[in-house]
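Notes follow the structure.
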Amino acid sequence: MAILSDIILYPIKSCAGIHLREAVLTRSGLMSEHVFDREWMVVDAQGRFLTQREHPRMALIVPSIKATTLELRAPGMLRLEIELGLPHPQLAPMLEVQVWDDSVRAYDCDDVTATWFSNAIGVPCRLVRFHPDVVRATSTTWTGGVAASTMFADGYPVLIAGSASLDDVNDKLRAAGREALPMNRFRPNLVIGDIGAFEEDYAAFLQFGATVLTPVKPCSRCPIPSVDQATGVPGPDPLDVMHGYRAKPELDGAICFGMNAIVTDGGDERIVVGQDIGFELAF
């Protein structure tokens with residue numbers, strides 16, 4: 001029986017995550033205290049999304065969920081608090097924003113928030129919030145035609161990774177004279193224990209109570225795993241070591257770690273670290 005080893009919620013795309021004891025697994029991704037995974041996103045003046053790929057200091061923006069606010073801290077910055085209540089739909093300013101190939105409407109957070117993020121990251125930018133009326137559909141190419149949606153995640157609502165998979169990568173990094181990496185370099189939502197290395201690649205499903213989570217697409221990796229999430233400083237890229245055995249032909253040789261997943265049955269399921277998970281391989 002597989003075990004849920006860790007739950008990580010990322011309220012703001014490409015900023016630090018929050019490790020949780022429990023959360024709700026919804027069809028749009030994780031949710032805790034009415035805060036959804038990747039519900040907020042940082043954009044430039046043209047509305048295009050920013051990530052640690054170009055701005056590794058985003059790793060140092062650390063959110064925490066308070067009673068009615070999302071509290072943000074960053075080195076050298078005063079604390080910022082963002083109200084969790086949704087703005088008035090007719091009065092709130094809106095922006096058209098771009099995340100990969102998708103253009104969607106989003107709430108524009110205020111100028112004070114924009115100034116805070118611009119100073120924290122070092123480039124002019126704004127914070128936007130996913131609009132609840134928007135449906136951002138995932139590609140059905142990898143889902144077998146099953147419809148799903150996500151907020152500002154790259155492509156799918158949930159990313160899973162096996163703890164044994166990281167152990168395997170770290171064994172190879174050490175053999176190459178490199179330091180082992182923590183799981184936060186790969187930024188999963190759910191870490192799965194008590195399965196073999198990379199068995200998540202071949203899982204038919206993961207069963208959380210009445211909710212079924214189905215892995216659909218390997219997660220191809222960019223340079224973000226090279227960024228130290230505690231310092232915001234890029235270091236040696238592990239992808240060179242991973243290239244020898246983690247390149248996926250079905251993704252044109254992209255180096256992969258973890259699996260993108262969608263909820264295919266149920267939803268709004270309370271999940272807890274340490275719980276048993278139904279896990280079945282697809283062969």
Side-chain angles (χ1 to χ4, degrees), residues 7-24 26 28-52 54-99 102-136 149-154 157-158 184 187 189 224 229-230 232:
I7 302 170
I8 310 100
L9 179 80
Y10 304 90
I12 304 173
K13 184 178 181 67
S14 224
C15 295
I18 303 172
H19 291 266
L20 299 170
R21 171 65 184 165
E22 62 181 71
V24 178
T26 81
S28 296
L30 291 181
M31 185 267 287
S32 179
E33 304 296 331
H34 304 290
V35 173
F36 283 86
D37 191 72
R38 275 83 170 192
E39 185 174 351
W40 284 267
M41 180 172 72
V42 184
V43 300
D44 64 15
Q46 287 73 46
R48 295 177 302 223
F49 73 110
L50 303 186
T51 74
Q52 289 184 37
E54 301 82 20
H55 306 286
R57 283 182 56 83
M58 293 180 72
L60 305 183
I61 298 175
V62 179
S64 57
I65 303 171
K66 303 302 181 182
T68 61
T69 61
L70 184 69
E71 181 182 282
L72 301 173
R73 295 179 182 270
M77 303 289 296
L78 295 174
R79 183 184 69 230
L80 177 69
E81 292 193 1
I82 298 172
E83 290 293 327
L84 293 180
L86 288 170
H88 191 288
Q90 274 77 49
L91 302 179
M94 304 283 289
L95 281 179
E96 194 77 12
V97 299
Q98 190 82 20
V99 52
D102 296 327
S103 181
V104 298
R105 289 179 302 130
Y107 287 126
D108 180 17
C109 296
D110 58 57
D111 289 342
V112 171
T113 301
T115 299
W116 191 93
F117 273 86
S118 298
N119 290 335
I121 298 172
V123 295
C125 57
R126 302 190 71 82
L127 185 70
V128 298
R129 186 175 187 178
F130 198 84
H131 195 288
D133 292 342
V134 169
V135 176
R136 182 172 168 242
S149 63
T150 187
M151 291 192 175
F152 288 134
D154 275 355
V158 179
N184 66 8
R187 299 174 63 81
N189 293 119
I224 287 180
Q229 297 296 296

Show your working on salt bridge (charged side-chain N to carboxylate O under 4.0 Å, His left out) between Arg38 and Asp154 and close with a plain yes or no. CA-CA 9 Å; Arg38 275 83 170 192; Asp154 275 355; over 6 Å; no
Could you go through the side chain to side chain contact (heavy atoms under 4.5 Å, CB included) check for Val42 and Leu127 one step at a time? CA-CA 5 Å; Val42 184; Leu127 185 70; 4.0 Å; yes
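- Here the closest heavy-atom approach between residue Trp116 and residue Arg79 is recorded as NE1-C, 4.4 Å.
- The nearest pair of heavy atoms linking Glu96 to Ser103 is OE2-OG, 3.1 Å.
- Of all non-hydrogen atoms in Pro63 and Leu70, the two that sit nearest each other are CB-CD1, 4.0 Å.
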With side chain to side chain contact (heavy atoms under 4.5 Å, CB included) as the criterion, how do Glu54 and Val123 come out once you've worked through the C-alpha distance, each side chain's angles and the decisive distance to 0.1 Å? CA-CA 11 Å; Glu54 301 82 20; Val123 295; over 6 Å; no
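- Residues Ala230 and Leu60 come closest through the heavy atom pair O-CD2, 3.5 Å.
- The line from CZ of Phe36 to OG1 of Thr150 is 11.0 Å long, rounded to the nearest 0.5 Å.
- For the atom pair CZ of Phe152 and CG of Asp102, the computed distance is 10.0 Å after rounding to the nearest 0.5 Å.
- Between the side chain of Asn184 and the backbone N or O of Arg187, no donor-acceptor pair lies under 3.5 Å.
- Rounded to the nearest 0.5 angstrom, Ile7 CD1 and Leu30 CG are separated by 7.0 Å.
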Given the rule in the side chain to side chain contact (heavy atoms under 4.5 Å, CB included) test, do Ile12 and Leu72 qualify, once you have shown the distances and angles that lead to the verdict? CA-CA 10 Å; Ile12 304 173; Leu72 301 173; 3.6 Å; yes
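- Residues Ala59 and Ala16 come closest through the heavy atom pair O-CB, 3.6 Å.
- The one candidate from Val43, Leu50, Asn119 that meets the side-chain contact (heavy atoms from CB on, under 4.5 Å) condition with Cys125 is Leu50.
- Here the options are Thr113, Asp111, Asp44, the test is side chain to side chain donor-acceptor pair (under 3.5 Å), and the partner is Arg126; only Asp111 passes.
- Checked by atom type and distance alone, the side chain of Arg136 pairs as donor or acceptor with a backbone atom of Met151 at under 3.5 Å.
- One distance of note links CZ of Phe117 with SG of Cys109; it measures 8.0 Å at 0.5 Å rounding.
- Rounded to the nearest 0.5 Å, atoms CE (Met31) and CG (Leu9) are 10.0 Å apart.
- The environment of CD in Glu33 is sparse: at most 12 heavy-atom neighbours from other residues, nucleotides or ligands sit within 6.0 Å.
- Looking at Gln229 and Gln52, their side chains do bring a donor and an acceptor atom within 3.5 Å of each other.
- Taking 4.5 Å as the limit, every side-chain heavy atom of Pro157 sits out of range of all side-chain heavy atoms of Ser149.
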Is there a side chain to side chain contact (heavy atoms under 4.5 Å, CB included) between Glu39 and Arg129 once you walk through the steps? CA-CA 6 Å; Glu39 185 174 351; Arg129 186 175 187 178; 2.9 Å; yes
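- The shortest distance between side-chain heavy atoms of Val104 and His131 does not fall below 4.5 Å.
- Judged purely by atom type and a 3.5 angstrom limit, Thr26 uses its side chain to pair as donor or acceptor with the backbone of Ser28.
- To the nearest 0.5 angstrom, Leu84 atom CG is 7.5 Å from Ile65 atom CD1.
- For the pair Tyr107 and Leu86, the tightest heavy-atom approach, listed with the atom from each and the gap, is CE1-CD2, 4.2 Å.
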